[in-house]
Protein chains: 2
Amino acid sequence: MGTDEAAQAFGDFLQSQRRLANISQRQLARASGVSDSYLSQVERGLYRPSAEVLKALAHAFEIPVSTMFTQSGLMDEAPEAEASPGIEAAIRHDTQLNAEQKAALLSVYRAFLNGPRGEPHTPLD
Amino acid sequence: MGTDEAAQAFGDFLQSQRRLANISQRQLARASGVSDSYLSQVERGLYRPSAEVLKALAHAFEIPVSTMFTQSGLMDEAPEAEASPGIEAAIRHDTQLNAEQKAALLSVYRAFLNGPRGEPHTPLD
DNA sequence: ACGCAATGCGTGGCAGACTAAGCATTGTTG
DNA sequence: CAACAATGCTTAGTCTGCCACGCATTGCGT
């Protein structure tokens with residue numbers, strides 16, 4: 001389906017930003033490295049730009065990339081979603097442990113969950 | 001442009017995350033709504049997934065979307081400086097482990113953090 | 001031995017992101 | 001008026017993200 005309503009919403013957002021910056025589609029095209037014809041299609045809601053184009057546009061507008069992503073509906077994640085992420089997710093997302101340490105911790109954790117019987121654990125290659 | 005080095009880097013990151021989660025490509029495919037054949041190609045660095053796929057994968061892994069974007073090289077700015085979820089808190093609030101098991105996990109975790117030499121055993125690399 | 005399910009990977013093809021070139025309109029200048 | 005430039009838009013085409021399907025291998029159960 002060509003006409004996506006999310007694409008239309010982002011198109012409006014892009015057009016408003018461009019008009020606020022007081023530049024034409026071609027000027028924005030040169031500033032961002034995207035073709036002007038594509039910008040026209042995006043503003044009219046025909047297409048949803050990829051993440052790379054969003055990044056380029058954000059740089060051209062000098063606004064944070066995360067704002068672009070949020071406006072394009074790509075980052076609709078709740079900022080403060082769940083309170084208890086779970087041990088597995090917490091370990092995996094940790095920034096202080098390296099991959100081996102994470103694997104070891106997960107292995108121990110899973111062994112606890114599986115009961116006293118030692119299960120054939122995964123080959124951590 | 002078949003061999004894109006950024007695609008390869010993200011492929012490695014994706015594969016490591018999948019192995020940490022201990023799931024197969026097809027399981028990840030069902031959890032994220034992406035086809036398993038495509039996941040295989042992404043892990044091997046053949047393609048660079050779009051932002052929508054990144055979002056779906058982040059949800060499947062229960063890690064923030066911004067982490068996915070950063071790892072895929074799409075967000076080279078604004079680290080957003082989020083506080084780590086906290087493995088300790090996750091372990092303490094877990095409902096499936098008993099006190100002994102929690103203590104053991106915490107002890108292993110703290111050993112990893114405090115040890116100047118993080119790995120006295122299990123060479124693995 | 002025989003299935004049979006699960007895993008990773010290859011192939012063909014469709015849909016969509018993206019571009020180059022051109023059209024139509026509106027100035028703005030001589 | 002002619003001539004030029006700038007704007008937004010359309011069209012035709014290329015490239016690639018992505019999937020449905022199938023193949024080869026491994027492992028488990030009978």
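We name chains A, B, ... by the order of the sequence lines, and we start the count at 1 in each one. All heavy atoms count here, side chains included; hydrogens, waters and symmetry mates do not.
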Novice: Measure the distance from CD on Gln25(A) to P on dG8(D) and round it to the nearest whole Å.
Specialist: 4 Å
Novice: Would you kindly give the CD-to-C1' distance between Gln15(B) and dG8(C), to the nearest whole Å?
Specialist: 10 Å
Novice: To the nearest angstrom, how far is Leu57(A) atom CG from dC18(C) atom P?
Specialist: 9 Å
Novice: Considering just the side-chain nitrogens and oxygens of Gln41(A), establish if one lies under 4.0 Å of OP1 or OP2 belonging to dC18(C).
Specialist: no
Novice: Which distance, rounded to the nearest 0.5 Å, do you find between the OG of Ser37(A) and the CZ of Arg26(A)?
Specialist: 9.0 Å
Novice: Measuring to OP1 and OP2 of dG8(C), would you say a side-chain N or O of Arg44(B) lies under 4.0 angstrom away?
Specialist: no
Novice: How many whole angstroms separate atom CZ of Arg48(B) from atom C1' of dA17(C)?
Specialist: 14 Å
Novice: Taking 4.0 Å as the cut-off, does a side-chain nitrogen or oxygen of Arg19(A) come that near to OP1 or OP2 on dG8(D)?
Specialist: no
Novice: Evaluate whether atom CD of Glu52(A) has more than 12 neighbouring non-hydrogen atoms of other residues, nucleotides or ligands under 6.0 angstrom away.
Specialist: no
Novice: On DNA chain D, check which nucleotide each of Ser50(B) and Asp36(B) is closest to and give me the residue with the more 5' one.
Specialist: Ser50(B)
Novice: Checking contacts here: which listed nucleotide (dC18(C), dA20(C), dG8(C)) is nearest the side-chain heavy atoms of Ser40(B)?
Specialist: dG8(C)
Novice: Is there a side chain to side chain contact (heavy atoms under 4.5 Å, CB included) between Leu28(B) and Leu39(B)? Walk through the geometry before answering.
Specialist: CA-CA 8 Å; Leu28(B) 178 58; Leu39(B) 287 180; 3.8 Å; yes
Novice: State which of dC9(D), dC18(C), dG10(C) makes the closest approach to the side chain of Arg26(A).
Specialist: dC9(D)
Novice: Does Ser24(B) make a side-chain N or O approach to OP1 or OP2 of dT7(C) shorter than 4.0 Å?
Specialist: yes
Novice: Please round to the nearest 0.5 Å and tell me the distance separating atom OG of Ser72(B) and atom CG of Leu57(B).
Specialist: 10.5 Å
Novice: Rounded to whole angstroms, how far apart are OH on Tyr38(A) and C1' on dG16(C)?
Specialist: 9 Å
Novice: Starting at CG of Leu46(A) and ending at P of dT11(D), how long is that distance when rounded to a whole Å?
Specialist: 11 Å
Novice: Could you state the CD-C1' distance from Glu52(B) to dA15(C), rounded to the nearest angstrom?
Specialist: 13 Å
Novice: Which value, rounded to the nearest 0.5 Å, describes the distance between Leu105(A) atom CG and Tyr109(B) atom OH?
Specialist: 8.5 Å
Novice: Starting at atom CZ of Arg30(A), determine the distance to atom P of dA20(C), rounded to an integer number of angstrom.
Specialist: 12 Å
